[in-house]
Peer 1: 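There's a structure below that I have some questions on.
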Amino acid sequence: MPNPGSALPTKTDLIVLGSGAAGLTAALTASLAGLRCVVLEHASAIGGTSARSSGTVWVPGNMYMREAGIDDAELAARYVGTLVGNRGAEQMWRRFLKIAPRMQQDLAERANIEFRPFTTAPDYRQDIEGAAPGWRPLEPLPYEGRKLGSMFEKLALPIPELMLFGKLMVTRAEAQSLLKADRSIASAWLGLRLLGRYATDRMKYRRGTRLVLGNALVARLLAACLENGVSFFCDVSVSGLLKENGRVTGVAIGNSGHFIIADKGVVMAGGGYPSSADWRKRELPEPVAEYSPAAPGCVGSTIELAQKVGAVLGTSGVDNALWFPSSLMPRKDGSQAVYPHIVLDRAKPGSIIVNQSGNRFVNEAVSYHEFVRGMYRANATEPCIPAWMICSRSFIAKYGLGLIRPRTPFLGKYIKSGYLIEGRSLSELADKTGMSVEGLEQTVVRFNAMAKNGKDHDFGRGETIYDRSNGDASHGPNPCLGVIESGPFYAVKLYPTPLGTSRGLATNTQSRVLDEAGNPIDGLYACGNDMQSVFGGEYPGAGAQLGQAMTFGWIAAHHAAGQEV
């Protein structure tokens, strides 16, 4: 295993800037092709936003679908083609659909990058022909962090609010099971196993070493890279790309005068710019998002390096971002917790989301990306940013609300911090939040009537299998609709926050970065959110960002190694 503290080399075959799933896939694939590869990370930890994500990878036509006899090619093409329309280049999304299954199977067979299919995770846009009811999203298998040895401490942390005790990782399915620990032997046994393992880990490590979600994906890729001789260097600032006779030949390190020559080129995999206030102001819609749950190092610096040697951005899209609606709460250390409301609360029965006039404005159960887009559309005519998620005490007890976990006995600290607004009545809640009393009361009366009948005549909440998959299957007649009747009532503010960006460096189907004339710049590649989204900024399903990132990282490495795919 290379020493992460060893001296920087002066020469290698391929340099990868960034250590998320895109960069790690490129580095691993290059090493499997026989190239010497160096990964340079400007943060102090490895993994970027990928390490704090769900780790889900969207791969239509994956090996598990083929093994199950599911022919997905035609349906996937119909779905993506209709979704993307003229917002993305057809040759790019078709390239993704062709290569993604090959990438996934290749890394499974040669590098033990293991997944299991989410057979019941529907694509996000069930209104579009070709959308699948499941199988396309892949979940990374849990990984034993202890196998990384000293490199375990270099693995980027997940968002602490998404872990138990801030240090123990669990999957969504495990979290749901643990809620039944007082009435299910299997759930209670799961809790005991997880807690026992965690207690053992904490004797030696700063957190649990059983890794799931994005941490498991990054750890598995990292381990495979190390096994195949990839060198990693953190806290490295790259000040420029070297270019000779029109070809990118290496990088300059800070102001040190140190250069690394790369015979096969440089891969830009820095994670886009969701964490840069300047980039957000230039590229994202108004009102401009102030916060992001993405890794703080995703500030567009690698894109800027490429622009300095002639690279250009792709076409600006609808909003140039992939979105989460998030709630905000200050942490004890003064930092800001940005909590994404993904699937655990918005679609559950017994809550609504309203604007400052107290009116609903979108189906609360749509995907996180489409929900935020709904915020922006509605905000053009009536203030919807921030929006308010409204529910009763019984809802919080059963499902939780953002940072507040289910069955939390006391809500005082959340109310005191300003995260949670409490009202004994709807009118009091409206007064405290500054929204229209009449508007909120009328909205709840209308919503309750629809909830009792199980039909949302305003926005169709709960009518698609995607909506229902995130609702409460035990609740009827509609798993996403429930009345809001008994106080006290509560409200949490939701803000648009970019989890990633979709406008990036223009590339061709070989991941080669293009100049203003549309010609590839020799020796320069891009993948992940540094690369223009092949979906034109649309979000087809869970793991679409990571699926694209890994696919084009795999393509870039093969091209650099002289292996056409």
Peer 1: Could you pull out the closest heavy-atom pair between Val338 and Thr497, with the gap in Å?
Peer 2: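 Taking Val338 first and Thr497 second, the nearest heavy atoms are CG1-CG2, 4.1 Å.
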Peer 1: To the nearest 0.5 Å, how far apart are CG in Leu217 and OG in Ser53?
Peer 2: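 Going from the CG atom of Leu217 to the OG atom of Ser53 covers 7.0 Å.
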Peer 1: Using modelled atom types and a 3.5 Å cut-off, is there a donor and acceptor pairing between side-chain atoms of Arg503 and backbone atoms of Gly314?
Peer 2: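 Checking the backbone N and O of Gly314 against the side chain of Arg503, a donor-acceptor pair under 3.5 Å is found.
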Peer 1: Can you list the residues that meet the side-chain hydrogen bond (donor to acceptor under 3.5 Å, both in side chains) rule with Thr464, with sequence neighbours excluded?
Peer 2: Asp467
Peer 1: Please tell me whether Thr302 and Asp530 have a donor and an acceptor in their side chains that are separated by less than 3.5 angstrom.
Peer 2: yes
Peer 1: Can you tell me if Asp345 uses its side chain to pair, donor with acceptor, with the backbone of Gly400 under 3.5 Å?
Peer 2: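 Side chain of Asp345 to backbone of Gly400, a donor-acceptor pair under 3.5 Å: no, none is there.
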Peer 1: Okay, side chain of Asp72, backbone of Gly61: is any donor-acceptor separation there less than 3.5 Å?
Peer 2: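 Looks like yes, one N/O pair under 3.5 Å.
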Peer 1: Which salt bridge (charged side-chain N to carboxylate O under 4.0 Å, His left out) pairs, counting each pair once, include a residue from residues 36-45, with sequence neighbours left out?
Peer 2: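 Those involving residues 36-45 are Asp13-Arg36.
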Peer 1: Should we count CD of Glu74 as having more than 12 external heavy atoms under 6.0 Å?
Peer 2: no
Peer 1: Tell me whether Asp472 is salt-bridged to Lys398, with the criterion being a basic N under 4.0 Å from an acidic carboxylate O.
Peer 2: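 Looking at Asp472 and Lys398, the cut-off is met.
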Peer 1: Testing the basics here: between Val16 and Ala269, what is the closest heavy-atom pair and its distance to 0.1 Å?
Peer 2: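 Closest heavy-atom pair between Val16 and Ala269: CG1-CB, 4.4 Å.
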Peer 1: Compare all side-chain heavy atoms of Phe232 with those of Val230 and state whether any distance is below 4.5 angstrom.
Peer 2: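 Phe232 vs Val230: side chains touch.
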Peer 1: Just by modelled atom types, is the Ser511 backbone N or O under 3.5 Å from a matching donor or acceptor in the Thr507 side chain?
Peer 2: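 Side chain of Thr507 to backbone of Ser511, a donor-acceptor pair under 3.5 Å: no, none is there.
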Peer 1: So, the side chain of Tyr79 versus the backbone of Pro540: is there a donor-acceptor pair under 3.5 Å, distance only?
Peer 2: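 Yes, because the side chain of Tyr79 sits within donor-acceptor range (under 3.5 Å) of the backbone of Pro540.
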Peer 1: For Arg346 and Ser367, which heavy atoms make the closest approach, and how far apart are they?
Peer 2: NH2-C, 3.8 Å
Peer 1: Are any of the side-chain nitrogens in Glu139 or Arg116 under 4.0 Å away from the carboxylate oxygens of its partner?
Peer 2: yes
Peer 1: Locate the shortest heavy-atom distance separating Ala294 from Thr49; write the atom from each residue and the value.
Peer 2: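 Nearest pair, atom of Ala294 first, then Thr49: CB-OG1, 3.5 Å.
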Peer 1: With sequence neighbours excluded, tell me which residues meet side-chain hydrogen bond (donor to acceptor under 3.5 Å, both in side chains) with Asp123.
Peer 2: Trp58, Arg136
Peer 1: Decide yes or no on side chain to side chain contact (heavy atoms under 4.5 Å, CB included) for Tyr399 and Ile404, but give the supporting numbers first.
Peer 2: CA-CA 9 Å; Tyr399 303 116; Ile404 308 168; over 6 Å; no
Peer 1: Check Arg102 with Asp106, please: is the shortest side-chain N to carboxylate O separation under 4.0 Å?
Peer 2: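 Salt bridge flag = no for Arg102 with Asp106.
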Peer 1: Looking at residues at least two apart in the chain, or sitting in another chain, which of them share a side-chain hydrogen bond (donor to acceptor under 3.5 Å, both in side chains) with Tyr525?
Peer 2: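 Listed in chain order: His559.
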Peer 1: Using 0.5 Å steps for rounding, measure from the CG atom of Leu505 to the SG atom of Cys527.
Peer 2: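 Going from CG on Leu505 over to SG on Cys527, the span is 10.5 Å.
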Peer 1: Nearest 0.5 Å please: distance from the NE2 atom of His558 over to the CD1 atom of Ile99.
Peer 2: 8.5 Å
Peer 1: Are Arg220 and Glu114 ion-paired here, with the side-chain N under 4.0 Å from a carboxylate O?
Peer 2: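 A salt bridge links Arg220 with Glu114.
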Peer 1: Closer than 3.5 angstrom, by distance alone: can the side chain of Asn228 be matched with the main-chain N or O of Cys225 as a donor-acceptor pair?
Peer 2: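 Checking the backbone N and O of Cys225 against the side chain of Asn228, no donor-acceptor pair under 3.5 Å is found.
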Peer 1: Contact between Gln104 and Leu138 at the side-chain level, heavy atoms closer than 4.5 Å - yes or no?
Peer 2: yes
Peer 1: Rounded at 0.5 Å granularity, tell me how far OG1 in Thr509 sits from CZ in Arg94.
Peer 2: 13.5 Å
Peer 1: Can the ring centroids of Phe552 and Phe96 be said to lie less than 6.0 angstrom from one another?
Peer 2: no
Peer 1: So which of Tyr124, Tyr466, Phe324 actually passes ring pair (Phe, Tyr, Trp, His ring centres under 6.0 Å) with Tyr539?
Peer 2: Tyr124
Peer 1: Could you walk me through whether Ile113 and Leu28 pass the side chain to side chain contact (heavy atoms under 4.5 Å, CB included) check?
Peer 2: CA-CA 11 Å; Ile113 308 301; Leu28 172 59; 4.3 Å; yes
Peer 1: Do you know the tightest heavy-atom contact between Met92 and Val534?
Peer 2: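 Shortest heavy-atom contact: CB-CG1, 3.8 Å.
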Peer 1: Applying side chain to side chain contact (heavy atoms under 4.5 Å, CB included), run through Trp323 and Glu370 and close with a yes or a no.
Peer 2: CA-CA 8 Å; Trp323 297 103; Glu370 293 299 330; over 6 Å; no
Peer 1: Using atom types as modelled and distance alone, determine if a side-chain donor or acceptor of Ser502 lies under 3.5 Å from a backbone N or O of Ser533.
Peer 2: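 Here the side-chain-to-backbone pair does not exist.
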Peer 1: Would Phe371 and His369 count as a close aromatic pair, with their ring centres under 6.0 Å?
Peer 2: no
Peer 1: State, with a plain yes or no, whether a side-chain heavy atom of Thr501 is found less than 4.5 Å away from one of Leu322.
Peer 2: no
Peer 1: Measure the NZ-SG distance between Lys348 and Cys480 for me, rounded to the nearest 0.5 Å.
Peer 2: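 Those atoms lie 8.5 Å apart.
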Peer 1: Could you state the interatomic distance from OG (Ser44) to CD (Glu153), rounded to the nearest 0.5 Å?
Peer 2: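 Reported to 0.5 Å precision, the distance equals 12.0 Å.
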Peer 1: Could you note down all residue pairs passing salt bridge (charged side-chain N to carboxylate O under 4.0 Å, His left out) where residues 531-554 supplies at least one of them, sequence neighbours left out?
Peer 2: Arg87-Glu538, Arg373-Glu538
Peer 1: Between Thr29 and Thr25, is there a donor-acceptor pair closer than 3.5 Å when you use the side chain of the first and the backbone of the second?
Peer 2: yes
Peer 1: Sequence neighbours excluded, which residues qualify as side-chain hydrogen bond (donor to acceptor under 3.5 Å, both in side chains) partners of Asp127?
Peer 2: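 Expected list: Arg125.
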Peer 1: So which atom in Ile159 and which in Pro293 form the shortest heavy-atom distance, rounded to 0.1 Å?
Peer 2: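 Taking every non-hydrogen atom into account, CD1-O, 4.0 Å.
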Peer 1: For a quick check under 3.5 Å, do Arg146 and Thr209 share a side-chain donor-acceptor pair by atom type?
Peer 2: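 Thr209 and Arg146 do have a side-chain donor-acceptor pair below 3.5 Å.
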Peer 1: Mind checking whether Tyr368 and Pro325 have side chains closer than 4.5 Å, heavy atoms only?
Peer 2: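 Yes, side chains in contact.
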Peer 1: Evaluate Trp93 against Val80 for side chain to side chain contact (heavy atoms under 4.5 Å, CB included), listing each step before the verdict.
Peer 2: CA-CA 7 Å; Trp93 62 257; Val80 175; 3.8 Å; yes
Peer 1: Do the side chain of Thr408 and the main chain of Arg405 share a donor and acceptor less than 3.5 angstrom apart?
Peer 2: yes
Peer 1: Say whether, by atom type as modelled, one donor and one acceptor occur between the side chain of Ser275 and the main chain of Ala295 under 3.5 angstrom.
Peer 2: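 Pair found, side chain donor or acceptor close to backbone of Ala295.
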Peer 1: Is it the case that the side chains of Arg207 and Asn215 hold a donor-acceptor pair, with the cut-off being a distance below 3.5 Å and no angle test?
Peer 2: yes
